[in-house]
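Single-structure report; data block below.
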Amino acid sequence: MKQVIREMIGAAVARAHQAGALSNDLTGDFVVEAPKLDNHGDFATNVALVSAKQHRMAPRRLAEILLTHLEDSAHRIERTEIAGPGFINFFLRPTAWHPLLADIHRAGGSYGASDAGAGRRVQVEFVSANPTGPLHVGHGRGAAVGDTTANILDAAGYRVQREYYINDSGRQIRTLGLSVYLRYAALCGRTIEFPEDCYQGDYIRDLAAQIRQEKGDALLEGDEAEAVDYCARHAAGSILEGIRKDLEDFGVQFDRWYSEQSLFDEGRVEAALDDLRRRGIVYEKDGAQWCRTTDYGDEKDRVVVRQNGLATYFASDIAYHREKYSRGFDRVIDVWGADHHGYIPRMTAAIEASGQRRDQFQVILVHLVNLLRGGQPVAMSTRAGEFVTLAEVVAEVGRDAARFIFLTRHHESALDFDLELAKQKTNDNPVYYVQYVHARIASILRKAAEEHGVGEVLFDPEAVASLTETEEIALIKAMAAFPETIATAAANLEPHRVTFFLMDLAAAFHAYYNRHRVLTEDPLLARGRLFLVAAVRQVIARGLGLLGVSAPERM
RNA sequence: GCGCCUGUAGCUCAGUCGGAUAGAGCAACGGCCUUCUAAGCCGUGGGUCGCAGGUUCGAAUCCUGCCAGGCGUACCA
């Protein structure tokens, strides 16, 4: 509809120019938007304000000329007005909104989708937690944001791949191995000292106990380095399985799990560094090897191979991202915890140095989750091994509530997650507020089928024409915003927009529901209203689907 | 010190490319169930958009400086 108005304005400018009322047919960069205030109409445009300069004319005068040349052949517009400094407000007839209902039904599950991405390939890498411990709530937020962003990009016409990068090489894994080995040794009766920088959690003891059950005391008899290595592999594999399961329970499926170690095994790290060395981007200084990231906007050069000959995490990350692009992705999106934000300039630099444009790489920074219970902070400390895991949260509040709440804030704001609130089945809890819409409509449709014999809700122009109540038009207008919500959410990588859209649409529905009966005495009106609420049900289901939240038939 | 993020109603937050009188929800107060699910709806009050300048027809939005909080600033990941 917005697009229709925009085209009408464009045509009016051209017509006014042809008629000699304007000296040219230029316009500034104007917008057509749904104004915040109802008495500013259904749509408003600032075209006269931003184009006043081109026409050397007062905005209000220009607005007048445009209005006299506005053609509304489809009779969508009830009236227009010039307001304030020169805004043009459009008031539409209710009938102007009716065709959208048919559009929604026709489009079905693809309503709101677009081809903005034009089939370009994009990869979203998210969670990628080290396999050194179970996922906690923070990872859950990253999972919800990443997965939903992927869904939204898919709806916006991209071909999306979801990937999890496994940091299964390097020091952390060795520390994990050592931690398990020491607990194991203790179980075998040895007196050990357990260093502070080892992993403290109880799950380490569990893993050690498993190994003891399988191997007895055998590991103590062989080479210690080998034993530690065995413990590391065993523990990482087992923890990763747990992570996989937790994510599956959270409704997240990855297309690919990518091993960091494989980058070394396949020689990709060396190959990447060789290439950069050849091109003078990697150089040697003070016995280490550095990447010239300052040439690409970073504030200092970064070490890729340490004095001790070991590659840094950054080195494997360079190789990894080069490998991503070599797989043919046009865009690569990484979801990181906000504490890694200092890493962005160097990663972007490395990607640019490797031959990509910097706009082909984007990072979604996900900020902190503060876990609360009844308003009181839940104490968490990864160091001491005390944390609430994602699995525990999902078990307590459910997948739907958890996913939805993770998406109720912009990802760059810290989020308070209150366990008690998440379980509450009241107005305070937006998940149920939205799902309730779906359940209520499902109930109406059931009743329509059972008591009125209405099996399938079909388009009936006459019935739809009877939808003239304010709340009915408000509902259609709310649904009309879905395509641009998805488009904006995709363009800005802001999944929370879909959440807010759903809460708005839900509010419009509940207001309607409380005021009007769908199954009225008047069969024509009832048919029109069924057509309306069936569209709402469909849009709610689709929106919840993007968030990975279920749309229940009953509550 | 430098860099990034955040600062909007008592609380939690939206606010797209600069638009009109800055919006929701919660909390407070007052109403609405004989009717398709009250996990719902309607109404009332509540604001120095952190502060100070600047840019312009117009600024929560852009620029500069300052204040407060968080994070980063490794040959850690």
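Naming: A, B, ... by sequence-line order, numbering from 1 per chain.
Contact annotation: side chain of A:His340 to base of B:rG72, donor-acceptor pair absent below 3.5 Å. At a cut-off of 3.5 angstrom, counting only N and O atoms as typed in the model, there is a donor on one side and an acceptor on the other between the side-chain of A:Asn514 and the base of B:rG40.
The residue A:Phe87 sits close to a base: some heavy atom pair falls under 4.0 Å. Residue A:Leu310 is classed as having no contact, given no heavy-atom separation below 4.0 Å to the nucleic acid. Across all strands shown, A:Ala414 has heavy atoms under 4.0 Å from sugar-phosphate atoms exclusively, and none from any base. Within 4.0 Å of A:Tyr513, counting heavy atoms only, lies at least one base atom of the nucleic acid. Heavy atoms of A:Asp286 sit under 4.0 angstrom from at least one base atom. Nucleic acid contact class of A:Asp301 (heavy atoms, under 4.0 Å, all strands): none. A:Glu412 comes within 4.0 angstrom of sugar-phosphate atoms only, judged by non-hydrogen atoms across all strands, and of no base. Nucleic acid contact for A:His438: none, since no nucleic acid atom lies under 4.0 Å from a heavy atom of the residue. Contacts of A:Asp339 with the nucleic acid, taken as non-hydrogen atoms under 4.0 Å apart, involve only primed sugar atoms and P, OP1 or OP2. Among the heavy atoms of the strands lying under 4.0 Å from A:Val50 is at least one base atom, whether or not backbone atoms are also near. Residue A:Thr488 is in base contact, counting any heavy-atom pair closer than 4.0 Å across all strands shown. Counting non-hydrogen atoms under 4.0 angstrom, A:His510 reaches the backbone sugars and phosphates but no base. Within the 4.0 angstrom heavy-atom criterion, only backbone atoms of the sugar-phosphate kind lie near A:His367; the bases stay farther away. Nucleic acid contact class of A:Ala511 (heavy atoms, under 4.0 Å, all strands): sugar-phosphate only.
The pairing partner recorded for B:rC17 is none, the criterion being a Watson-Crick or G-U wobble arrangement whose two distances lie under 3.5 angstrom. For B:rG25, the paired nucleotide is B:rC11, the pair qualifying as Watson-Crick or G-U wobble because both relevant distances are below 3.5 Å. Judged by Watson-Crick or G-U wobble contacts below 3.5 Å, the nucleotide B:rG58 has no partner. Nucleotide B:rU34: unpaired (no Watson-Crick or G-U wobble partner with both distances less than 3.5 Å). With a cut-off of 3.5 Å on both Watson-Crick or G-U wobble distances, the partner of B:rA68 is given as B:rU6.
Atom P of B:rG65 sits at a distance of 23 Å from the matching atom of B:rG70, rounded to the whole Å. For B:rG30 and B:rC13, the C1' atoms lie 26 Å apart once the distance is rounded to whole Å. Only the C1' atoms considered, B:rG7 is 16 Å distant from B:rA22, to the nearest whole Å.
Here the CD1 atom belonging to A:Ile344 is positioned 10.5 Å from the CD atom belonging to A:Gln362, to the nearest 0.5 angstrom.
Counted within 6.0 Å of CD on A:Glu284, heavy atoms from surrounding residues, nucleotides or ligands total more than 12; the atom is thus considered enclosed.
Shown here, B:rC26 is classed anti by the O4'-C1'-N9-C4 or O4'-C1'-N1-C2 angle, which is more than 90° from 0.
Distance from the side chain of A:Leu49 is smallest to B:rG19 among B:rC75, B:rG19, B:rA38. For A:Lys447, the listed nucleotide lying nearest its side chain is B:rC36; candidates were B:rA39, B:rC36, B:rA14. The A:Tyr313 side chain lies nearest to B:rA77 when the options are B:rA77, B:rA14, B:rA38. Among the nucleotides B:rA74, B:rG19, B:rG3, the one closest to any side-chain atom of A:His341 is B:rG3.
Between the side chains of A:Tyr283 and A:Asp301, at least one donor N or O sits under 3.5 Å from an acceptor N or O. Looking only at atom types and distance, the side chain of A:Gln172 has no donor-acceptor partner in the side chain of A:Asn167 under 3.5 Å away. Between the side chains of A:Arg61 and A:His55, no donor-acceptor pair of N or O atoms lies under 3.5 Å. No hydrogens or angles considered: nothing links the side chains of A:Tyr343 and A:Arg302 as a donor-acceptor pair under 3.5 Å.
A straight line from CZ of A:Arg60 to C1' of B:rC57 spans 13 Å, rounded to a whole angstrom. Atom CD1 of A:Ile318 is separated from atom P of B:rC75 by 14 Å (rounded to the nearest Å). When rounded to the nearest whole Å, the span between CG of A:Leu421 and P of B:rU12 equals 13 Å. When rounded to the nearest whole Å, the span between CZ of A:Phe90 and P of B:rA20 equals 17 Å. At whole-Å resolution of the value, CH2 in A:Trp336 and C1' in B:rC4 are 13 Å apart. If you measure from atom CG of A:Leu502 to atom C1' of B:rA24, you get 15 Å, rounded to the nearest angstrom. One atom, CG of A:Leu368, and another, P of B:rG72, lie 10 Å apart when rounded to the nearest Å. Between the CD1 atom of A:Ile344 and the C1' atom of B:rC5 there is a distance of 10 Å, given to the nearest Å.
Salt bridge annotation for A:Asp197-A:Arg171: absent, with no cationic side-chain nitrogen under 4.0 angstrom from a carboxylate oxygen. Here A:Glu472 does not pair with A:Arg515 in a salt bridge; the nearest charged N to carboxylate O distance is not below 4.0 Å.
One finds a side-chain N or O of A:His496 lying less than 4.0 angstrom from the OP1 or OP2 phosphate oxygen of B:rG15. Contact annotation: A:Arg409 does not reach the phosphate of B:rU6 (side-chain N/O to OP1 or OP2, under 4.0 Å). OP1 or OP2 of B:rA77 has not a single side-chain nitrogen or oxygen of A:Arg171 nearer than 4.0 Å. Between A:Tyr433 and B:rC26 there is no side-chain polar atom (N or O) within less than 4.0 angstrom of OP1 or OP2. Put simply, A:Tyr432 has no side-chain N or O that comes within less than 4.0 Å of OP1 or OP2 on B:rA39. OP1 and OP2 of B:rA77 both lie 4.0 Å or more from every side-chain N or O belonging to A:Ser169. At B:rG15, one or more side-chain N or O atoms of A:Arg497 fall inside 4.0 Å of OP1 or OP2 (strictly under the cut-off).
Shown are A:Thr312, A:Val303, A:Val282; of these, the side chain to side chain contact (heavy atoms under 4.5 Å, CB included) with A:Gln289 is made only by A:Val282.
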